[in-house]
Structures are given as C-alpha cells and as structure tokens.
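Here is the structure we will look at, set down as structure tokens.
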Amino acid sequence: MPLHRARLAAAWRRLTEGYARLLSWVLVLSVGILVVPVSLQIFSRYTDLIPSYIWTEEMARFLFIWTVMVGAMIGVRESTHFEVDVWPKVPPRVEAAVKLVSRIGVLVMALVFISAGIEFTRFAWNRISELAELPLWLIHVAWPVTGATWLIFLGEQMYGDLQTIIEGDA
Amino acid sequence: MTGSVLSPGVAALILFGCFFLFLFWRVPVAFALGLACLPILIIEPRLDTVTLMQETFNAYNSFILLAVPFFLLTANLMNVGGTTDRLMKLSRVMVGHFPGGLAQINVVLSIFFAGISGSSTADAASQSKIFIEAQTKEGYDLSFSVAITAVSAVLAVIIPPSILMIVWGGILTVSIGALFLAGIIPGLLIGLAQMATVHAYAKARGYPTYPRATLHEFFCASWLAIPALMTPGIIIGGKIFGWFTATESACIAVLYAAVLSLLVYREMDLKGLYEALSDTGRLAGVALFCVGTASAFGWLLAYYKIPEAILAGVQSWGMGFSATGFFIAFVFLVVGCFLDAIPAIIICAPILEPLAKAVGMDPVHFAMIGIVSLAFGLVTPPYGLCLMISCAVAGIRIRDAIKDTGIMLIPMLMVLALVIVWPQVSLLLPGLISPEFLR
C-alpha cells in the first residue's frame, strides 16, 4: 500500500514537472514574440516596407496579459512571488506550518480565480475584440486556467508541508 | 454614500487590516492584496468576485506596462551578450584607482546600467552576481558589499529610462519625456553621494584600490563601450523628440541590446537567449501580477472615497510647499517599505496628487519626489526588493545587511531633501530642453 502510494506520488510529480516545463516554454516564446508586434508598429511608421497594421497594439496587449498570467503560474510553483518576511528563524516544522497557512491564502485565491474566472470567461463568450476581432474569451480564459494551475502546484507543495509537519524532518 | 453597505471607515479597516494580517502570515504580497479585497466584494451587494477579475484584467490590458518586460529583457540581453562586461571595463579605468575601487566600479556601472535599463530589480540581480563575491574576495565586508550593490541598483529607476516614470506618466498623465529629463540630475547626485559614501568607508576600513589606468587604456575601454553608451541617447532622445512612445522606446532598447549581443559583441548563444527570455518572463510575471491585485485594491479604496477622507484630514493641517513635499516623500517612503514601487504608485500617487496641486507643485517635481522616495523603498525592509535580491544572492539575511544599508541611505536622503526643497534640481533640464512639457 505505501509503495503504491509512493509510485502514485512520483507519477503525479512527473506530471506537474512536465506541465511546469511546458509553461516555461510558453513563457519564453511569449516574451520573445512580444517584441514583434511593437517592432512592427514602429517600423511601419517610419518605413514603407510594411503596411501599418491596426492590430499590433492590441495583439501586444493580449499576448502581454497571457505572459503575466503564465509568469504568475510559474511564480507559485517556484515560490518566487515576493513575500514580506517578519518571522525570526524557526525550526523546520514551524516553518512548514507557517508556509502551509500562507499557501491556504493562495489556495483561496486559486479557488476564486477558478469560480469567478469561469463566469468572467462566460461573460466574454460571444464578444470579439475591437481591433483584431479576436474572440475575447481567449483572453479571459487565462484567469480560470491560472486558478486551476495554482491548484495543481499547490496540492504538491501543501502535501510536502504536511509531511514535514508530521514527520518533523527534512 | 448612497448605495454602499459599508462606510468608508469600516471598508478601510477591512482592507488594510486584512492586508497586513495576510502579510504577517507570509502570504505573498500580490495575493495578500487580492485576498484583502474579497470580504468587501462578498459583503457589498453591488460588487462580486468577478469585479476582481475585471479590475486585474484592466490593469494588465495596458500598453504602458508592456515596457516592464522590455526593460527587463534589455538588461538580461546586455548581461548575456557582453555589453555589461564592456561597461564594467570602462568603469574600471574611470574610477578603479579611487579608494574602494571595486565598490566605486559597482556604483558607476549601476549609473551606466541605469541609462540603458529601467529596472532596478534587474540591476540588483545581475550586479549581485558580478560584485558581491568579487568584493568579498578582495577583502570587503560582506554586508557592505551586499548593501552597496542594493543601494546602487535603485539608480536604475531614477536615471532615465525608468519603468516607474513610464507607469507614473501613464497613470497621472504627466509627460514621460519630461520625467526622463527630470531624473538625470537627481540620479547623478545620488550616484555621487554613493561614491562619496564608498570613499568614506574605504578610508575608514582600508579597502583596496586598483592602480590608475593609463590614458590609452581609458580610450580603448571607451571605444569598446561606445555602442553600449549610445543606448541612453537613442531611448531618451527618441522619447523626447516624439519618435516613439514610452513602450516603443523600451522595445527599441530590446532590439538595440539584441543587435549589440548578436552582431557587435557577439557573445550571445541560444542558451543565453533562452535564459534571458526565461528570466525576463519569470520576473515580469511575479512583479506585474502584483500590479493587478494592487489595482483592484486601489479601485476599492477609490470606490469608498477613502483617499478623500484621508486627504481631508491632512489638508486641514495647512502645510506649506516644502512641508507638503516632505510629507509626500514620507508617505512614499513608508508605503515603499511594504509595497513594490509600481503598486505603490497605482495606489498612492492619485491620492496625493491633489495635495501637491494645492500648493502649486509642478507635476514633474511631484513625480520626482515620489519616484526617488519609492526607489529608496526598494532597499528598505521588510519589503525592499533590491535588498532582498542581493541578500538572496549573497546567502545572508536582510537583518545582517541593514546597518550598512541604513548608513548608505543617509546621504541619499539628503539628496532627496534637496530634490524636495529645490524644484530646479528636477525641473532644470526639462525646462531647458523641452519647456513645453512643463505646465
């Protein structure tokens, strides 16, 4: 039984790791691509090589939104969202307990992002953007996706914290 | 207040009470701001949690904030592409023979870096890796090395281009070109103050110096650095002459840094590019996510007209010009201890603006007081991002570097006082070069 559970946990960890790697690549690509529409905008103004597209500004903004959200997803997995540390140095078990409490805070936000995010996406279901005429839900759906992703990463981290609290080492 | 269940007082208590409570429990700042909004969104019948989604969406849906990842990317490309090395060599021949040579180089490189990148966190991250280990090897104290790296990094948001100026200009509709020009003199003064501090430390503690470079070495280093040194001219000039918008100028900075790395200095490989992009995305993601929740928080404050309530009290004190300036600086310094600079601008700058207007302060002068104060907030605990980054790289705790940081802040605060009481420090250059920007 414990062996079975360990194997399950390992499989789960591999899955989240793969997902995190995928997100990393999405992030790298989106940061790289962000430069394109803004450059187009500048060059089309000063040269005749390319026509001045009207959608560049909007494209840049929408891609930017996704970049921020994907960055925020990875931030939760890597615990890089900045926090204020007013606690003195405490033993690992207490440390794990405090972390668990702070992660419950993030968990609540994740649940809100999922539930309100779904409504937010539904709200944009039949609308299109003003300039590029993209379906708006493609942008709004970033919110519930972010919430769900946090949930996945948090599950793993909170499980780890709990283990530290119970077993007291590591 | 028709239509709201909560009075402004109760709403303010809930917002700030929850925020600090969550901060104490080490909930990340971005999430603490969002969570603090939740009780109100649930209680108030006209609002719901979708409001939070909408407000964060509105915050990110901004062409101006796009400048943030661009400036981070510029800095990262410079580091992987060899630009930083060239500038470092130039700094070495310029100030290496001063007492505390390596620490002086640290400050001067930050000044160069500040003229190209607009992000202090990027500066702190890259220079911590370069300097902290090198300085301790040469016999500098670790806490001194951490502190000087962190405080010199704040120059990046004071010397143009600057992310904070772009955000400030976007939110309060102040000319970003004028802000860019206004930052030059205060930034250089703060840089000088830091060099003087290093000098004093080096004399007191006997820190090493390098032999004086020959004139030939100076010209060689300058020649190699010329392409990099042209960047500020392109970015700031392009903005002032109206060739491109602030965000576009950041994009130009990226393109120029990429050209330098790929074609001129040719030190960037694919792995370096991947890392530059990945670091940029990660840092931009966490820094900007916070902007969304801070905007929601600020939106709720405005919804209950809490800023007006606070201001009514302050305005009855009847402060004069300088007193108002010091008050504004004080508020931003305190807020800067708990918040990152961009969210602090979003929440506080609109609140304080009427105060500055009432005493006839020029919007550009007001902005410089705010930006310089918030820049200092980047090294003041508990939430001083640059100090946190430098400490993390050095592997020490913030409290170990606080004393030296505090000492270094004193001369910097004196420059801030100068900026407050003498508006010309900020307004001279914009007044000379583009008076039409000043109202």
Side-chain angles (χ1 to χ4, degrees), chain A residues 24-32 34-35 38-39 41-42 45-46 57-58 60-65 67-76 78-87 89 98-99 101-106 108-109 112-113 115-117 119-121 123 139-140 142-143 146, chain B residues 22-32 34-35 38 48-54 56-57 60-63 65-66 69-70 73 243-244 247-248 250-252 254-255 258 273-274 276-278 280-293 338 340 381-383 385 388 397-398:
Chain A
S24 277
W25 270 104
V26 171
L27 188 65
V28 165
L29 288 178
S30 58
V31 173
L34 262 182
V35 181
V38 184
S39 309
Q41 191 169 312
I42 305 170
R45 195 172 332 129
Y46 291 104
E57 198 253 1
E58 195 172 61
R61 270 189 284 126
F62 287 172
L63 192 59
F64 173 62
I65 293 174
T67 311
V68 173
M69 295 308 263
V70 173
M73 296 178 207
I74 295 177
V76 165
E78 297 177 353
S79 302
T80 46
H81 281 286
F82 303 114
E83 52 189 63
V84 175
D85 190 2
V86 289
W87 286 72
K89 200 154 179 57
V98 175
K99 267 195 191 143
V101 173
S102 82
R103 281 191 179 127
I104 290 172
V106 181
V108 172
M109 274 291 267
V112 169
F113 265 58
S115 70
E119 202 177 322
F120 187 54
T121 310
F123 174 68
I139 317 301
H140 288 215
W143 271 253
T146 304
Chain B
F22 291 126
L23 274 196
F24 175 75
W25 280 106
R26 290 216 348 219
V27 176
V29 178
F31 291 85
L35 286 170
L38 287 182
D48 59 16
T49 45
V50 178
T51 316
L52 182 63
M53 307 294 112
Q54 188 64 51
T56 46
F57 174 86
Y60 305 141
N61 192 18
S62 137
F63 195 65
L65 282 183
L66 198 55
F70 284 164
L73 185 56
W243 295 337
F244 21 77
T247 305
E248 288 172 359
C251 181
I252 291 281
V254 170
L255 295 179
L273 178 65
Y274 177 89
L277 290 170
S278 152
T280 303
R282 282 176 159 75
L283 196 53
V286 292
L288 290 169
F289 179 68
C290 191
V291 171
T293 48
F338 297 96
D340 195 9
Y383 187 80
L385 218 43
M388 285 159 94
R397 286 185 307 165
I398 289 181

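Quick caveat: nothing in here was measured; it's all calculated off a predicted structure. Here is how names work: the chains are called A, B, and so on, in the same order as the sequence lines, proteins then strands, and each is numbered from 1.
Within the 4.5 Å cutoff, the side chain of A:Ile74 has heavy atoms near those of the B:Arg282 side chain. The side-chain heavy atoms of B:Tyr274 and A:Trp25, taken from C-beta on, include a pair separated by under 4.5 Å. Between A:Val38 and B:Phe63 the shortest side-chain heavy-atom distance falls below 4.5 Å. In this structure the side chain of B:Pro28 reaches within 4.5 angstrom of the side chain of A:Val106, judged on heavy atoms. With contacts defined as side-chain heavy-atom distances shorter than 4.5 Å, the pair A:Ile139/B:Phe57 qualifies. A:Phe64 has its side chain within reach of B:Pro69: a pair of non-hydrogen atoms, C-beta onward, lies under 4.5 Å apart. At a threshold of 4.5 Å between non-hydrogen side-chain atoms, the residues B:Met53 and A:Val112 count as touching. Side-chain contact between A:Trp143 and B:Thr56: present, with at least one pair of heavy atoms (C-beta onward) separated by less than 4.5 Å.
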Mind running side-chain contact (heavy atoms from CB on, under 4.5 Å) on B:Phe31 and A:Val76 for me, showing each step along the way?
CA-CA 10 Å; B:Phe31 291 85; A:Val76 165; 3.7 Å; yes

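With a 4.5 Å cut-off on non-hydrogen atoms, B:Leu255 touches chain A through its side chain but not through its backbone. In this structure, no portion of A:Arg103 lies under 4.5 Å from any heavy atom of chain B. For B:Leu23, the parts lying under 4.5 angstrom from a heavy atom of chain A are both the backbone and the side chain. Using a 4.5 Å cut-off between heavy atoms, A:Glu78 contacts chain B through its side chain alone, with no backbone atom that close. If you measure heavy-atom distances from A:Met69 to chain B, the contacts under 4.5 Å come from the side chain alone. Both the backbone and the side chain of B:Val29 come within less than 4.5 Å of a heavy atom of chain A. For chain B, no part of A:Val70 is nearby; none of its heavy atoms comes within less than 4.5 Å. Contact of B:Leu283 with chain A is made through the side chain alone, with heavy-atom distances under 4.5 Å. No part of B:Ile398 comes within reach of chain A, as not one of its non-hydrogen atoms sits under 4.5 angstrom from that chain.
Among all heavy-atom pairs drawn from B:Tyr60 and A:Val68, the shortest one is CE2-CG1, 3.9 Å. Closest non-hydrogen pair, B:Trp243 versus A:Arg45, comes out as O-NH1, 2.9 Å. Of all heavy-atom pairs spanning B:Met388 and A:Glu83, the tightest one is CE-O, 3.1 Å. Of all heavy-atom pairs spanning A:Ala60 and B:Leu66, the tightest one is CB-CD2, 3.7 Å.
Chain B forms the most heavy-atom pairs under 4.5 Å with one residue out of A:Ser79, A:Ser115, A:Ser102, A:Gly71, and that residue is A:Ser102. No other option in B:Leu65, B:Val291, B:Thr293 has as many heavy-atom pairs under 4.5 Å with chain A as B:Leu65. Across B:Val50, B:Asp340, B:Leu38, the residue that shares the most heavy-atom pairs under 4.5 angstrom with chain A is B:Val50. Per-residue heavy-atom pair counts under 4.5 Å with chain A were compared for B:Cys251, B:Ala284, B:Ala276, and the maximum is reached by B:Cys251.
A perpendicular orientation is assigned to the rings of A:Phe82 and B:Tyr383, their planes being inclined by more than 60° (bins at 30° and 60°).
A:Phe123 is linked by a side-chain contact (heavy atoms from CB on, under 4.5 Å) to A:Arg127, B:Gln54, counting only residues two or more places apart in sequence or in another chain. B:Phe22 meets the ring pair (Phe, Tyr, Trp, His ring centres under 6.0 Å) test with no other residue; sequence neighbours excluded.
For the atom pair B:Leu288 CG and A:Ile65 CD1, the distance stands at 11.5 Å (nearest 0.5 Å).
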